Amino acid sequence: MLRVLAVDDEKPLLEELLYLLRSDPRVHSAEGASDATEALRRVTRALESGPDGPDRIDVVFLDIHMAGLTGLDIARLLAGFARPPLIVFVTAHEGFAVQAFDLKAVDYVLKPVRPERLAEAVRRACAQLGGPAGAPAAAASGPPVRSQAPAASGARPAPQPPQPPLPQHRPVPEVTVADRAADQIAVELGGVTRFVAIADIAYVEAQGDYARLHTDGGSHLVRIPLSTLEQRWAARGFVRIHRRHLVALGRIDELRLDAGTTSVRVGAAELQVSRRHARELRDLLMRHATG
């Protein structure tokens, strides 16, 4: 079974990647590193412990765009070791595939990561390491073909026991975030779907091509841009206050003006309001208070 290290400087994406890797039965352990320094330290320790040591790392799943050293830089450094781990790149950018495979990468997985695509990368790594590469819970494409040896003259073929029906596996949909109904949004993580009421969302925070929904009970990462949620939820009272934040108007507790800057308090969070949105927000709050 594989021991893997995932490297990504965006914590929500790293957590999701680790969740998916740990869900694969071919993965013995999956640890995370949030920058190049930590990743190189872990790999060096693994190599020092030996191929059968407790810190062994078989595969490194690498983001490419990171602060400081990029994933390509890390891969070049690892290539200098006598027995480097295998490399799988996990990135939102298609343009580095040629460089990645020049560095002997096992696979190149595009974000947002689909569980079945990541499972294929794990299969390739297992195959290259000589371990069992079968995808977890994968069904054959059809019933098994039995060998038809010629029967002896006058003999009847032995009866075959009935075979149980093969499980039917539905393909994982390309889109994993969708509205269940007008008042809910479905959030899927590693095949587990949770339904979040839009009325429970206090504000939304942009995180690249993702958005994090903040509720009183916690937060949820979804694969949908903030601009799309802004258009979809405008009629529900969500307003853009900053390039990074979308806020439910009714959840704003305070509007603060301090030395020319504007911010709002939403529960325990204080969010900055950009200048371009400040006047519109004040007008909306006034109408909301008097309406």
Side-chain angles (χ1 to χ4, degrees), residues 1-93 96-97 99-115 117-133 135-136 189-190 207-210 212 219 221:
M1 298 177 68
L2 298 180
R3 296 176 183 266
V4 307
L5 175 67
V7 187
D8 197 316
D9 62 351
E10 294 188 60
K11 185 178 179 180
L13 305 187
L14 177 60
E15 290 176 350
E16 183 170 13
L17 180 58
L18 288 171
Y19 182 96
L20 295 174
L21 287 168
R22 289 165 182 164
S23 300
D24 193 310
R26 296 164 298 181
V27 175
H28 177 272
S29 63
E31 302 299 328
S34 58
D35 56 46
T37 301
E38 183 182 1
L40 291 171
R41 177 178 58 81
R42 285 175 178 256
V43 173
T44 301
R45 186 175 64 193
L47 293 173
E48 289 174 349
S49 72
D52 298 319
D55 297 319
R56 185 187 89 232
I57 295 175
D58 300 308
V59 191
V60 179
F61 288 79
L62 267 177
D63 185 24
I64 288 184
H65 277 297
M66 295 187 291
L69 292 177
T70 69
L72 294 170
D73 293 330
I74 296 174
R76 292 187 185 99
L77 289 171
L78 295 182
F81 289 103
R83 298 184 63 180
L86 300 181
I87 299 294
V88 173
F89 286 103
V90 183
T91 177
H93 305 278
F96 298 98
Q99 296 178 58
F101 288 114
D102 283 344
L103 290 167
K104 312 302 182 186
V106 173
D107 207 346
Y108 193 90
V109 180
L110 289 175
K111 298 177 182 178
V113 178
R114 293 178 287 121
R117 182 63 186 86
L118 189 64
E120 170 62 14
V122 172
R123 185 199 68 77
R124 294 182 183 184
C126 287
Q128 190 155 329
L129 289 169
L189 175 59
Q207 294 187 342
D209 293 332
Y210 294 70
R212 184 167 289 280
S219 66
L221 190 69

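Predicted, not measured: the structure shown is a model, and the values here were computed from it.
Between Asp35 and Glu38, the shortest heavy-atom contact is OD1-N, 2.8 Å. Contact detail for Ala30 and Leu21: the closest heavy-atom pair is CB-CB, 4.0 Å. A pairwise comparison of heavy atoms in Val59 and Ala125 identifies CG2-CB, 3.8 Å as the closest pair. Shown here for Leu69 and Ala36, the closest heavy-atom pair between the two residues is CB-CB, 3.6 Å.
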Inset, instruction - With side-chain contact (heavy atoms from CB on, under 4.5 Å) as the test, would you mind laying out the steps for Asp107 and Val122 before giving the verdict? - result: CA-CA 9 Å; Asp107 207 346; Val122 172; over 6 Å; no

Inset, instruction - Quick one: do Arg123 and Glu120 satisfy salt bridge (Lys or Arg N to Asp or Glu O under 4.0 Å)? Show the steps, please. - result: CA-CA 5 Å; Arg123 185 199 68 77; Glu120 170 62 14; 2.9 Å; yes

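Gln128 is not listed as a side-chain neighbour of Arg124, based on a closest heavy-atom distance of 4.5 Å or more. Residues Phe61 and Val109 fail the side-chain proximity criterion, which asks for heavy atoms closer than 4.5 Å.
Within the model, atoms OG of Ser34 and CG of Asp63 stand 12.0 Å from one another, a figure rounded to the nearest 0.5 Å. Distance check, rounded to the nearest 0.5 Å: CG of Leu110 to CZ of Arg117 gives 7.5 Å. With values rounded to the nearest 0.5 angstrom, Gln99 atom CD is found 7.5 Å from Asp102 atom CG. Note that the CG atom of Leu72 and the CG atom of Leu62 stand 8.5 Å from one another [nearest 0.5 Å].
The aromatic rings of Phe96 and His65 sit perpendicular to each other, their planes meeting at more than 60°, with 30° as the lower class boundary.
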Cut-off 3.5 Å, no hydrogens considered: what does the side-chain donor-acceptor table look like for residues 75-92, sequence neighbours left out?
unit_1 : atom_1 : unit_2 : atom_2 : d
Arg76  : NH1    : Asp73  : OD1    : 3.3
Thr91  : OG1    : His93  : N      : 3.1

Using distance only, find each side-chain donor-acceptor pair of residues 1-12 under 3.5 Å and give its atom names and separation, not counting sequence neighbours.
unit_1 : atom_1 : unit_2 : atom_2 : d
Asp8   : OD1    : Glu10  : N      : 2.9
Asp8   : OD2    : Lys111 : NZ     : 2.7
Asp9   : OD2    : Ala67  : N      : 3.0

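For His28, the ring-ring contact (aromatic ring centres under 6.0 Å, His included) criterion is met by no residue, not counting sequence neighbours.
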